[in-house]
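Let me begin by presenting the structure, written as C-alpha coordinates, before commenting on it.
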Amino acid sequence: MPKYVIEREIEGAGGLSADELQGISQRSCDVLEQLGPQIQWVESYVTGNKIFCVYIAPDESLIKQHASMGEFPISAIHEVKTIIDPTTAE
(Lines give C-alpha, C1' and ligand atoms only; values in the text may rest on other atoms or scores of the structure.)
Protein backbone atom coordinates (compact mmCIF):
# COMPACT_ATOMS: atom_id res chain seq x y z
CA MET A 1 0.00 0.00 0.00
CA PRO A 2 1.35 3.50 -0.79
CA LYS A 3 2.99 5.63 1.86
CA TYR A 4 2.49 9.40 1.92
CA VAL A 5 4.09 12.40 3.58
CA ILE A 6 1.50 15.07 4.35
CA GLU A 7 2.72 18.61 4.91
CA ARG A 8 0.54 20.69 7.22
CA GLU A 9 1.20 24.41 7.66
CA ILE A 10 0.33 25.22 11.29
CA GLU A 11 1.63 28.51 12.62
CA GLY A 12 3.45 27.93 15.91
CA ALA A 13 3.26 24.12 15.66
CA GLY A 14 6.61 23.77 17.43
CA GLY A 15 5.25 25.67 20.41
CA LEU A 16 2.16 23.51 20.94
CA SER A 17 1.93 22.09 24.45
CA ALA A 18 1.93 18.38 25.22
CA ASP A 19 -1.80 18.65 26.02
CA GLU A 20 -2.51 20.35 22.67
CA LEU A 21 -0.54 17.70 20.78
CA GLN A 22 -2.36 14.97 22.68
CA GLY A 23 -5.70 16.53 21.71
CA ILE A 24 -4.71 16.69 18.04
CA SER A 25 -3.50 13.10 18.17
CA GLN A 26 -6.69 11.89 19.80
CA ARG A 27 -8.85 13.68 17.22
CA SER A 28 -6.81 12.07 14.44
CA CYS A 29 -7.15 8.60 16.00
CA ASP A 30 -10.90 9.08 16.41
CA VAL A 31 -11.26 9.92 12.71
CA LEU A 32 -9.01 7.02 11.71
CA GLU A 33 -11.21 4.66 13.70
CA GLN A 34 -14.26 5.91 11.79
CA LEU A 35 -12.51 5.48 8.43
CA GLY A 36 -11.41 1.90 9.07
CA PRO A 37 -8.19 -0.06 8.66
CA GLN A 38 -7.26 1.01 5.14
CA ILE A 39 -5.64 4.23 6.40
CA GLN A 40 -2.89 4.21 9.01
CA TRP A 41 -1.02 7.03 10.70
CA VAL A 42 2.63 6.02 11.08
CA GLU A 43 4.17 9.09 12.76
CA SER A 44 4.48 12.86 12.55
CA TYR A 45 7.34 15.34 12.79
CA VAL A 46 6.58 18.69 14.40
CA THR A 47 8.73 21.63 13.31
CA GLY A 48 8.47 25.36 13.93
CA ASN A 49 5.45 26.08 11.71
CA LYS A 50 4.69 22.74 10.08
CA ILE A 51 3.78 19.18 10.90
CA PHE A 52 4.89 16.44 8.51
CA CYS A 53 2.74 13.32 8.85
CA VAL A 54 3.48 9.88 7.44
CA TYR A 55 0.42 7.85 6.45
CA ILE A 56 -0.25 4.59 4.67
CA ALA A 57 -3.39 4.65 2.53
CA PRO A 58 -4.65 3.23 -0.76
CA ASP A 59 -4.84 6.71 -2.31
CA GLU A 60 -4.84 10.44 -1.59
CA SER A 61 -8.63 10.68 -1.39
CA LEU A 62 -8.74 8.84 1.94
CA ILE A 63 -6.05 11.15 3.32
CA LYS A 64 -8.09 14.16 2.21
CA GLN A 65 -11.21 12.67 3.80
CA HIS A 66 -9.32 12.21 7.09
CA ALA A 67 -8.16 15.83 6.95
CA SER A 68 -11.66 17.10 6.22
CA MET A 69 -13.30 15.10 9.00
CA GLY A 70 -10.64 16.10 11.55
CA GLU A 71 -10.37 19.68 10.28
CA PHE A 72 -6.63 19.24 9.68
CA PRO A 73 -4.98 21.52 7.09
CA ILE A 74 -3.12 20.05 4.13
CA SER A 75 -0.47 22.11 2.37
CA ALA A 76 0.78 19.22 0.22
CA ILE A 77 0.59 15.46 -0.13
CA HIS A 78 3.66 13.61 -1.41
CA GLU A 79 3.61 9.91 -2.31
CA VAL A 80 6.80 8.17 -1.18
CA LYS A 81 8.36 6.42 -4.17
CA THR A 82 11.27 4.79 -2.35
CA ILE A 83 13.16 5.02 0.91
CA ILE A 84 16.90 5.43 1.22
CA ASP A 85 19.17 5.51 4.23
CA PRO A 86 22.91 5.23 4.95
CA THR A 87 22.89 1.53 3.98
CA THR A 88 21.84 2.54 0.46
CA ALA A 89 25.40 3.81 -0.03
CA GLU A 90 26.89 0.37 0.57
Do I77 and W41 belong together in a cluster built from hydrophobic side chains that touch within less than 4.5 Å? yes
Count I, L, V, M, F, W, Y as connected when their side-chain heavy atoms are under 4.5 Å apart, and connections chain through other members. Are I83 and V5 then in the same cluster? yes
If hydrophobic clusters are built by linking Ile, Leu, Val, Met, Phe, Trp and Tyr wherever their side-chain heavy atoms come under 4.5 Å apart, do I6 and V42 end up in the same one? no
Are more than 12 heavy atoms from other residues, nucleotides or ligands located less than 6.0 Å from atom CD of E71? no
Given 3.5 Å as the limit, does a donor-acceptor pair link the side chain of S44 with the main chain of I51, or not? no
How far does CG of N49 sit from CD of E11, to the nearest 0.5 angstrom? 4.0 Å
Do M1 and Y4 sit in the same hydrophobic cluster, where Ile, Leu, Val, Met, Phe, Trp and Tyr count as joined when their side-chain heavy atoms come under 4.5 Å apart? no
Heavy-atom pair with the smallest gap, counting every atom of A57 and I63: CB-CG1, 4.0 Å
To the nearest 0.5 Å, atom CD of E60 lies from atom NE2 of H78 at 9.5 Å
Using a 6.0 Å cut-off, check whether atom CD of E20 has over 12 heavy atoms from anything other than its own residue. yes
Residue pair D59 / L62: nearest heavy atoms and the distance that separates them: OD1-N, 3.3 Å
Here the pair of heavy atoms bringing Y55 nearest to L32 is CE2-CD2, 4.0 Å
Output for pair (E9 CD, S75 OG), nearest 0.5 Å, gives 5.0 Å
Do D19 and S17 have side-chain atoms, one donor and one acceptor, less than 3.5 Å apart? no
Side-chain heavy atoms nearer than 4.5 Å, only ILVMFWY residues, links allowed to pass through others: does that put V46 and F72 together? yes
What pair of heavy atoms forms the shortest contact from A67 to I74, and how long is it? CB-CD1, 3.4 Å
Tell me the closest heavy-atom pair linking C53 and R8, and the distance in Å. SG-NE, 3.3 Å
Any sub-3.5 Å donor-acceptor pair from D30's side-chain atoms to E33's backbone N or O? no
Just by modelled atom types, is the I24 backbone N or O under 3.5 Å from a matching donor or acceptor in the S28 side chain? no
Step by step, would you call L35 with M69 a side-chain contact (heavy atoms from CB on, under 4.5 Å)? CA-CA 10 Å; L35 292 174; M69 290 172 68; 3.6 Å; yes
If I compare all heavy atoms of P58 with all of Q38, which pair ends up nearest, and what's the gap? CD-O, 3.3 Å
